[in-house]
Chemist: 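Attaching a single structure in structure tokens format; questions to follow.
A, B, ... follow the sequence lines: proteins, then strands. Residue 1 opens every chain.
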Protein chains: 4
Amino acid sequence: MTRDVPTDTDRLSALPRPQPRKKKLSREEKAQLTLRNLLEAAAAIVGEHGYAATTIANVTREAGVAHGTFYNYFEDRQALFDVLLPYVGERMTDYITASLAGVGGGLEREVARFRAYCGYLRVNPGFYRILYEAEVFAPKAFDAHIERLTEGYVRAFRRAIAAGDCYEMGDEELRAIAGILLGARAYVAMQFKDTGVIPETAIAAYESLMKQGLFKAK
Amino acid sequence: MTRDVPTDTDRLSALPRPQPRKKKLSREEKAQLTLRNLLEAAAAIVGEHGYAATTIANVTREAGVAHGTFYNYFEDRQALFDVLLPYVGERMTDYITASLAGVGGGLEREVARFRAYCGYLRVNPGFYRILYEAEVFAPKAFDAHIERLTEGYVRAFRRAIAAGDCYEMGDEELRAIAGILLGARAYVAMQFKDTGVIPETAIAAYESLMKQGLFKAK
Amino acid sequence: MTRDVPTDTDRLSALPRPQPRKKKLSREEKAQLTLRNLLEAAAAIVGEHGYAATTIANVTREAGVAHGTFYNYFEDRQALFDVLLPYVGERMTDYITASLAGVGGGLEREVARFRAYCGYLRVNPGFYRILYEAEVFAPKAFDAHIERLTEGYVRAFRRAIAAGDCYEMGDEELRAIAGILLGARAYVAMQFKDTGVIPETAIAAYESLMKQGLFKAK
Amino acid sequence: MTRDVPTDTDRLSALPRPQPRKKKLSREEKAQLTLRNLLEAAAAIVGEHGYAATTIANVTREAGVAHGTFYNYFEDRQALFDVLLPYVGERMTDYITASLAGVGGGLEREVARFRAYCGYLRVNPGFYRILYEAEVFAPKAFDAHIERLTEGYVRAFRRAIAAGDCYEMGDEELRAIAGILLGARAYVAMQFKDTGVIPETAIAAYESLMKQGLFKAK
DNA sequence: GATGAATGAGAATTCATTCAT
DNA sequence: AATGAATGAATTCTCATTCAT
């Protein structure tokens with residue numbers, strides 16, 4: 001993990017952060033700030049208490065705006081949910097991408113990716129819940145998230161195959177492998193959600209699986 | 001897959017099935033039947049529409065009993081949810097255990113297990129939703145389910161290690177591997193939840209991973 | 001207070017107590033025992049938790065009989081409530097009557113009555129709640145109880161007047177006085193319901209009021 | 001009883017009354033009006049039918065607002081109950097205080113207080129039920145009400161003692177006497193709840209008791 | 001745009017009462 | 001008589017959404 005990597009709290013792709021220097025915000029800036037506040041409030045609440053506990057009243061209270069203001073920014077509650085995972089999911093992938101800068105290829109890179117994911121979860125424990133509950137409460141966003149990650153994996157493995165680091169595979173197999181790896185990291189994260197820390201043993205097991213499988217050739 | 005293996009709809013561990021011969025059921029038998037009906041109704045509804053849509057009114061209507069009857073069998077709605085995954089989860093593992101009868105060991109057996117799981121999901125598509133939404137709506141039951149499966153994996157791999165089929169691993173690594181494999185199958189199932197059929201390509205990818213990993217030795 | 005005076009737990013006007021000698025109870029004896037058990041259960045529950053918390057299920061559980069059995073003894077829940085205060089109220093007045101045996105007349109006797117009431121409440125704290133909540137949940141029984149006590153007071157004061165211990169009063173005044181005295185003892189009991197003990201100061205204040213009123217003649 | 005004294009229906013300490021001149025009410029004024037309507041509705045229903053019959057649906061219907069509106073003003077039904085006796089109780093004591101303006105001290109004043117209470121009940125018959133059922137349904141409010149009245153009595157009697165109108169008493173005795181007097185007036189009111197009118201005979205009996213007690217000195 | 005009071009549809013839960021065994 | 005499962009009416013409470021200010 002590099003230290004100058006963005007985290008959930010200091011980076012927000014398109015949205016403006018509060019600018020303490022200027023007191024005067026343009027109308028549009030204020031609106032964007034409100035939107036940002038709503039999203040951050042939602043992320044905090046969903047991350048800690050889950051989607052079901054995330055009422056409009058909770059979100060607006062946390063965001064410091066009036067109840068009705070919510071509906072100036074979102075069609076309805078579902079619209080917020082549909083947007084939340086993309087919002088935090090992009091931060092997660094940016095973090096991982098940044099973490100992988102300069103890391104080699106093949107196995108080393110894949111293990112680094114796994115490790116970066118674990119690191120992200122430790123720093124942003126709310127992300128885990130926003131993600132896994134999305135399968136229930138924002139299934140389209142969840143599917144899109146998975147699809148986005150799957151494509152990333154497929155591209156990465158195509159590169160690894162081209163570099164000769166990795167066994168040959170067709171596209172359908174590659175997608176299956178991407179699913180397997182996503183599931184692997186999700187469930188490993190789940191095993192350690194109490195502690196928040198994924199131990200080196202687990203990472204080693206992952207590495208070993210990637211490198212040689214589990215079963216000896218006969 | 002063997003054909004004479006029990007499925008969700010024709011086998012119910014302890015609960016009595018309706019006995020068409022005798023018209024007269026004892027009071028206790030009727031009560032057990034009512035319980036069974038409630039559970040089956042809940043399984044059907046959760047499997048198709050999810051826990052959130054599973055209201056007491058829906059369950060009792062589907063079960064053909066009065067609203068209040070529900071509370072003769074369950075403390076509250078959560079109590080039903082807490083019991084549902086164990087109820088259907090046992091059927092699932094029974095199915096897999098039965099499917100593995102007579103199958104060899106090592107890789108072959110692990111691939112057969114994966115395949116049996118895929119087969120079970122095809123026949124009982126509702127199980128997938130009962131399972132993954134449980135993480136949200138019945139987290140204790142979910143954790144217990146995962147723990148039960150994890151322990152099964154650990155035992156299976158210890159046997160494989162003892163038989164020399166499998167690389168050596170310590171307990172903590174074994175548990176991590178179990179998590180990985182559970183995640184793998186969960187996410188592969190997720191990829192194909194629309195079609196309900198998990199293709200041979202995916203099974204082949206899984207087998208290849210188990211056998212040799214993904215990356216070539218340098 | 002005399003020691004051989006009956007208390008809530010060892011005396012039950014007409015109802016049989018369990019007879020440990022004979023194992024065989026006649027059908028009617030068993031029925032009377034069940035009735036007694038239901039009443040005692042109700043008295044215990046109402047005394048501790050109030051009428052509202054006194055469900056049929058609670059009463060039958062406490063009495064050790066089946067839910068449905070209740071309706072063999074009472075038309076409905078209200079019928080039980082209507083009978084409960086008379087049932088325990090008679091024990092209370094019996095106690096007081098017994099306590100007054102041999103006590104003189106006039107002021108001394110009235111103070112002894114007040115003191116006996118306080119003593120009864122200390123030993124049977126549940127009575128207080130059965131009584132005061134009856135005004136809400138069994139108003140007819142409550143009115144009858146009050147009427148019975150009022151008449152007792154009126155008779156007692158007529159005797160005191162005849163004996164020259166007490167100022168002359170007409171019947172309507174006497175009834176008003178009875179109400180005042182009943183209210184006085186009820187509210188004094190209320191003041192001390194936490195401790196369960198009514199202090200001598202309060203009794204002294206009562207005595208002083210009876211003896212000379214509160215205000216000096218001008 | 002003075003005629004220009006406020007009664008339950010025309011005076012409401014802090015809450016605004018509808019202002020027929022201005023059609024436009026500010027948002028806050030409307031909210032206060034809604035609160036007032038809910039409280040008045042509750043007072044009317046509890047006064048006539050008791051707390052148990054006072055459902056949210058009844059209250060909101062009577063108040064002319066939607067069911068859910070109730071919960072904008074009260075946490076739950078109990079919160080309404082807890083507030084109801086203070087709300088009407090203050091009006092009662094204000095009435096009595098106003099009635100006592102200009103009345104002398106000592107016995108005369110105490111009898112006037114008793115009479116004022118009787119008068120209040122005649123005009124506001126609902127108050128009696130709101131009060132006595134509060135012991136069951138809003139015990140904290142009931143205790144606070146009693147405590148408030150008790151303290152008032154204690155202060156009044158201290159003044160009377162200082163003026164030499166009244167026999168000397170310590171604080172504990174004074175509190176007991178306050179309890180006795182509160183009970184006396186409560187039970188006298190109870191005796192006449194059917195007619196709604198407390199006859200002069202009863203007031204005379206009360207006065208006589210205050211003046212000379214009940215029993216002749218020997 | 002922001003505000004926050006009002007709305008009312010829905011869901012869970014309780015429990016007195018019934019009745020077949 | 002005793003039993004206890006079944007019933008369903010009644011009630012509380014939640015909360016997304018609307019809309020007048």
Chemist: Are Tyr87(A) and Glu40(A) linked by a side-chain donor-acceptor pair shorter than 3.5 Å?
Modeler: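 Glu40(A) and Tyr87(A) do have a side-chain donor-acceptor pair below 3.5 Å.
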Chemist: Between the base of dT14(E) and the side chain of His67(B), is there a donor and acceptor pair under 3.5 angstrom?
Modeler: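 A donor-acceptor contact between them is absent.
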Chemist: Has Tyr73(D) got a side-chain N or O lying under 4.0 Å from the OP1 or OP2 atom of dA6(E)?
Modeler: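 Checking Tyr73(D) against dA6(E): at least one side-chain N or O falls below 4.0 Å of OP1 or OP2.
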Chemist: Rounding to a whole Å, what distance do you find between Leu38(C):CG and dA2(F):C1'?
Modeler: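 Answer to the nearest Å: 12 Å.
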Chemist: Can you measure Glu29(B) atom CD to dT21(E) atom P for me and round it to whole angstrom units?
Modeler: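 About 13 Å, once rounded to whole Å.
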Chemist: Starting from the 5' end of DNA chain F, give me the residue, Ala52(A) or Phe70(C), whose nearest nucleotide shows up first.
Modeler: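 Upstream on the strand: Phe70(C).
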Chemist: Are any of Asn72(A)'s side-chain N or O atoms less than 4.0 Å away from OP1 or OP2 of dG1(E)?
Modeler: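 Indeed not, no polar side-chain atom of Asn72(A) lies that close.
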Chemist: Can you tell me if the side-chain N/O atoms of Tyr71(B) get under 4.0 Å from OP1 or OP2 in dT13(E)?
Modeler: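 Yes, within the criterion.
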Chemist: Taking only side-chain N and O atoms of Thr34(D), does any of them lie within less than 4.0 angstrom of OP1 or OP2 on dA6(E)?
Modeler: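 Yes.
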Chemist: To the nearest Å, how far apart are Asn37(B) CG and dA6(F) C1'?
Modeler: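 Rounded to the whole Å, the gap is 13 Å.
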Chemist: Closest-nucleotide mapping onto DNA chain E: is Val65(A) or Gly68(D) further toward the 5' terminus? I mean the 5' end.
Modeler: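 It is Val65(A), whose closest nucleotide lies nearer the 5' terminus.
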Chemist: Side chains of Val136(A) and Phe137(B): does their closest heavy-atom pair fall under 4.5 Å?
Modeler: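 The answer is yes, as the side chains (C-beta and beyond) meet within the 4.5 Å cut-off.
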Chemist: Please identify which of these residues, Ile130(A), Ile45(A), Leu80(A), meets the side-chain contact (heavy atoms from CB on, under 4.5 Å) condition with Tyr51(A).
Modeler: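 With Tyr51(A) as partner, Ile130(A), Ile45(A), Leu80(A) yield a single side-chain contact (heavy atoms from CB on, under 4.5 Å), made by Ile130(A).
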Chemist: How many angstroms lie between atom CD of Glu48(B) and atom CD of Glu62(B), to the nearest 0.5 angstrom?
Modeler: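 Here the rounded value is 9.0 Å.
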Chemist: Could you tell me how far apart Tyr51(A) (OH) and dA16(F) (P) are, to the nearest whole angstrom?
Modeler: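 The answer, rounded to whole Å, is 15 Å.
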Chemist: Taking the minimum atom-to-atom distance to the side chain of Arg77(A), which one of dT17(F), dG1(E), dT12(F) wins?
Modeler: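 Selected nucleotide: dT17(F).
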Chemist: If you only use heavy atoms from C-beta on, which nucleotide in dT3(F), dA12(E), dT17(E) is closest to the side chain of Ile56(C)?
Modeler: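 The answer is dT17(E).
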Chemist: In whole angstrom, what separates Arg61(A)'s CZ from dT3(E)'s C1'?
Modeler: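 Atom-to-atom, Arg61(A) to dT3(E), this comes out as 15 Å.
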Chemist: Relative to the 5' end of DNA chain E, which residue comes earlier, Ala31(D) or Asp76(B), by the nucleotide with the nearest heavy atom?
Modeler: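 Its nearest nucleotide being more 5', the pick is Ala31(D).
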Chemist: What is the base-pairing partner of dC19(F), counting Watson-Crick and G-U wobble geometry with both distances under 3.5 Å?
Modeler: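 The answer is dG4(E), by the H-bond criterion.
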Chemist: Over how many whole Å does the gap from Phe74(D) atom CZ to dT11(F) atom P extend?
Modeler: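 Nearest whole value for this atom pair: 20 Å.
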Chemist: Of Ala57(A) and Thr55(D), whose closest DNA chain F nucleotide lies nearer the 5' terminus?
Modeler: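 Nearest nucleotide further toward 5': that of Thr55(D).
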Chemist: Take atom CD of Gln78(C) and atom C1' of dA16(E), then tell me their distance rounded to the nearest Å.
Modeler: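 From Gln78(C) CD to dA16(E) C1': 12 Å.
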Chemist: Choose from dT3(F), dA16(F), dT12(F) the nucleotide whose nearest atom is closest to any side-chain atom of Ala66(C).
Modeler: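 Nearest to the side chain of Ala66(C) among the choices is dT3(F).
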Chemist: Quick one: is Thr69(A) getting a side-chain N or O under 4.0 Å of the dT3(E) phosphate, OP1 or OP2?
Modeler: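 Yes, because at least one side-chain N or O of Thr69(A) sits under 4.0 Å from OP1 or OP2 of dT3(E).
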Chemist: Rounded to the nearest 0.5 Å, how far apart are CD1 of Ile56(C) and CZ of Phe70(C)?
Modeler: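 Going from CD1 on Ile56(C) over to CZ on Phe70(C), the span is 3.5 Å.
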Chemist: Is it the case that Thr55(D) and Asn58(D) place a side-chain donor and acceptor less than 3.5 Å from each other?
Modeler: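 A pair is found: one side chain offers a donor N or O, the other an acceptor, under 3.5 Å apart.
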Chemist: Leu33(D) has an atom CG; how far is it from atom C1' of dA6(E), in whole Å?
Modeler: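 Computing the Leu33(D):CG to dA6(E):C1' distance gives 14 Å.
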